[in-house]
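Positions are given from 1 along the sequence. Please read all numbers here as calculations on a predicted model, not as lab measurements.
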Amino acid sequence: MCGICGWVSYDRDLGEPDARRELAGMTATMACRGPDDEGMWVDGPVGLGHRRLAVIDIEGGRQPMTLTQDSHTALALVYSGETYNYRELRERLATTGRHFETSSDTEVLLQAHHTWGRRDPRDAVRELNGMFAYALWDTTTRELTLVRDRLGIKPLYYYPTEHGVLFGSEPKAILTNTTTERVIDLDGLRRILGFVADPHNAVFRGMREVPPGHVVRVNRNGIQQLRYWQLADTGHTDDVPTTVQHVRELLDDTIQRQLISDVPLCTLLSGGLDSSAMTALAARFDTDRIHSFAVDFVGYTANFTPDAMRATPDGPYVQEVAKFVDTDHSDITLSSSELMDPGVRAAVRRACDLPICFGEVYSSLYLLFRAIRERSTVGLSGESADEVFGGYRWFHDPASVYAGTFPWLRGPRIEMTERVLDPALVGKLDLAGYLDDLYRTALAEVPELTGPAADDPHERRMREICHLFLTRFLPNLLDRKDRMSMAVGLEVRVPFCDHRLVEYVFGTPWAHKTFDGREKSLLRAATADVLPPSVVQRAKSPYPNTQDPDYDRMLRAEFTALLHNHDAALAPLLDTDAAEAALDTPEATNGGVLGGRWALEQILTLDAFLTNYGVSISI
């Protein structure tokens with residue numbers, strides 16, 4: 001895992017001292033993503049920068065890495081991520097006469113593109129199983145190729161310029177270059193406030209994301225975006241027992257692949273079905289006793305109050321799984337003062353790099369990952385199982401399923417946000433219209449359902465819902481995981497995002513996914529033999545939020561201070577009277593993770609960005 005960046009400018013030599021300083025500055029912004037090493041490679045109109053977190057082939061995997069042909073550099077690569085099938089690819093490439101000087105997956109990527117991708121880079125990318133974002137420069141064609149993995153696990157941004165492009169793992173790498181501007185316009189604000197992943201809107205004006213499953217080709221003629229993967233209808237014909245068996249086979253293979261590491265590895269354990277199944281399977285395949293970590297809050301279990309999202313605390317289930325599986329387990333217990341610590345909140349906001357981070361969910365992840373990094377370099381997470389297998393309550397609530405919008409937007413969060421903003425700005429934003437446009441665009445991408453299920457209206461609708469969660473909800477969570485983990489130099493892998501598993505389960509009828517009348521039926525049946533019965537039967541419980549009233553009091557105090565600070569950067573965009581009135585509504589503190597608490601955090605984060613990071617708003 002690493003941080004990458006680069007610059008292509010066809011009108012100049014980037015070997016000039018000023019240009020090299022710019023590239024060095026871009027590279028330095030990602031030191032946290034790659035604390036082990038750094039490198040730069042410059043050749044005429046191109047400059048590539050790399051910060052390395054060494055996980056595979058510690059000595060031989062340094063970057064930027066080049067491939068030489070006939071005594072000349074043919075390809076140059078900067079790469080972030082892991083290619084889990086690199087050993088199989090290496091064997092295949094060896095049979096074609098390719099020779100390797102290292103044991104790294106980076107060199108395998110170079111050789112794969114040289115062998116299979118010279119005509120069309122997508123032919124090489126389709127061979128990869130993993131999470132990755134990388135940039136490849138072809139010295140012969142003078143063309144840059146930017147590549148992002150199928151689900152968007154690893155981030156990659158680019159910024160077209162008059163004579164080329166800037167790119168980076170994070171916006172900060174791009175915005176460090178003096179040719180850019182740090183401006184958020186109305187579209188950027190809409191993206192910030194909407195909580196819907198939009199691959200065409202990277203918040204900052206002029207900046208774009210490489211969409212998941214795409215490559216972007218840059219040459220003197222311009223920039224071309226090409227898709228190499230998308231969710232498709234597979235015409236699923238397996239019965240339920242066969243489907244369950246195949247899901248288990250895919251999980252076994254995926255987790256074995258993702259245990260490959262030359263540095264200490266652990267799992268993230270919450271006591272829910274997803275992380276428990278992943279931990280149990282990892283323990284079966286790891287030759288050493290697996291390390292597991294869980295996050296908890298001071299007094300959380302003892303004082304837990306059930307709510308609409310959570311019926312039970314995680315702690316007792318975590319301990320039961322750790323004992324059942326025999327992991328070397330550690331709890332990371334956090335207090336409200338730690339979560340609200342100004343230094344922690346500032347570090348989280350710097351790591352987010354976009355004004356889209358919501359308080360304690362991000363802060364607790366950051367503190368959890370920081371503690372884990374003291375003992376491990378790689379972690380396995382259960383993220384995305386809910387999106388793949390249909391775990392969220394929204395999947396099973398008819399009002400959410402048939403709401404005519406993104407199911408997770410039903411609730412008070414956006415209403416709370418709009419209450420505190422100036423009415424004129426709310427009118428300009430037209431969040432309802434923006435989100436409706438996004439929703440209709442997303443529906444148009446859903447592959448048509450075929451087979452017997454095609455005649456069932458509910459099956460058709462659930463196909464749409466599954467697609468929405470995988471393409472418009474999951475990317476936000478993957479981005480959160482990436483930013484908080486890479487901020488402390490921890491690589492977090494997500495086995496449930498293996499594209500083979502996602503493809504297979506997406507093509508499965510909804511009736512199969514709920515064959516036992518519950519959420520995540522396929523995952524439960526596929527892993528029941530490795531879990532304690534209590535966890536197999538446990539209802540879905542999302543990532544925990546502190547229930548400590550002190551946290552909400554501190555949050556309200558910080559928000560109130562913002563409202564009374566007339567010199568605050570965001571002050572002209574707020575309706576102070578309406579915001580103070582909103583603080584007296586139940587939604588302000590009882591809205592939970594998708595309610596008022598997030599709305600307050602959202603406004604505080606946006607103000608911090610405007611104040612501390614030289615960002616301006618153009619409306």
Side-chain angles (χ1 to χ4, degrees), residues 248 251-252 254-256 258-259 261 263-304 310-335 338 364-386 389 391 481 484-485 488 490-496 520 523-547:
R248 176 57 177 270
L251 287 172
D252 284 347
T254 295
I255 288 174
Q256 286 184 82
Q258 298 198 20
L259 288 173
S261 175
V263 293
L265 179 145
C266 69
T267 67
L268 310 179
L269 178 61
S270 72
L273 176 63
D274 314 338
S275 66
S276 299
M278 177 203 63
T279 298
L281 292 175
R284 289 166 65 93
F285 296 121
D286 201 331
T287 55
D288 299 319
R289 189 183 183 203
I290 201 82
H291 293 261
S292 61
F293 293 86
V295 67
D296 201 359
F297 304 108
V298 174
Y300 186 79
T301 299
N303 302 302
F304 180 80
R310 301 168 185 82
T312 54
D314 288 343
Y317 295 94
V318 168
Q319 299 306 318
E320 187 173 4
V321 173
K323 182 178 180 180
F324 187 88
V325 176
D326 188 31
T327 70
D328 180 2
H329 182 73
S330 299
D331 287 318
I332 308 301
T333 304
L334 307 174
S335 66
E338 289 177 290
S364 62
L365 266 180
Y366 172 81
L367 291 168
L368 170 65
F369 292 153
R370 190 175 71 179
I372 291 174
R373 185 60 176 88
E374 296 176 1
R375 285 162 277 183
S376 289
T377 308
V378 176
L380 268 64
S381 166
E383 196 85 87
S384 82
D386 286 308
F389 290 99
K481 185 84 70 183
M484 295 302 99
S485 61
V488 297
L490 177 72
E491 174 178 300
V492 175
R493 301 174 179 176
V494 277
F496 290 110
K520 291 186 284 196
L523 179 59
R524 180 177 294 104
T527 59
D529 64 307
V530 298
L531 296 172
S534 63
V535 172
V536 175
Q537 297 305 320
R538 189 186 182 197
K540 163 66 185 173
S541 183
Y543 184 85
N545 297 97
T546 180
Q547 295 183 338

Flag, side chain of Ser376 to backbone of Ile372, donor-acceptor distance under 3.5 Å: no
Tyr317 versus Ser276: any side-chain heavy-atom pair under 4.5 Å? no
Reported CZ-to-CG distance for the pair Phe293 and Leu368, which is rounded to 0.5 angstrom: 8.5 Å
Spell out, as yes or no, whether a donor-acceptor pair under 3.5 Å connects the side chain of Thr279 to the backbone of Thr267. no
Answer whether the closest heavy-atom distance between the side chains of Leu268 and Phe369 falls below 4.5 Å. yes
Between Leu380 and Leu259, is any pair of side-chain heavy atoms under 4.5 Å apart? yes
Drop me the distance from Tyr300's OH to Asn545's CG, to the nearest 0.5 angstrom. 7.0 Å
With a 4.5 Å limit on heavy-atom distance, are the side chains of Thr301 and Asp296 in contact? yes
Which of Ser541, Ser275, Ser292 passes side chain to side chain donor-acceptor pair (under 3.5 Å) with Ser270? Answer is Ser275
Is the closest side-chain heavy-atom distance between Leu531 and Leu273 below 4.5 Å? yes
Looking at side-chain heavy atoms only, is the closest gap between Gln547 and Asn303 below 4.5 Å? no
Do any N or O atoms from the side chain of Arg310 and from the backbone of Tyr543 form a donor-acceptor pair under 3.5 angstrom? yes
Apply side chain to side chain contact (heavy atoms under 4.5 Å, CB included) to Glu320 and Ser534, showing your working. CA-CA 9 Å; Glu320 187 173 4; Ser534 63; 2.6 Å; yes
Measuring from His291:NE2 to Thr327:OG1, what's the distance to the nearest 0.5 Å? 9.5 Å
Does Asp326 offer a backbone N or O that forms a donor-acceptor pair with the side chain of Arg289 under 3.5 Å? yes
Between Arg493 and Leu265, is any pair of side-chain heavy atoms under 4.5 Å apart? yes
Give a yes or no answer on whether the side chain of Gln256 reaches the backbone of Asp252 with a donor-acceptor pair at less than 3.5 Å. yes
Does a side-chain heavy-atom distance below 4.5 Å link Lys520 with Asp274? yes
Which residue is it: Ser335, Pro313, Ser364? I am looking for the one with a side chain to side chain contact (heavy atoms under 4.5 Å, CB included) to Phe297. Ser364
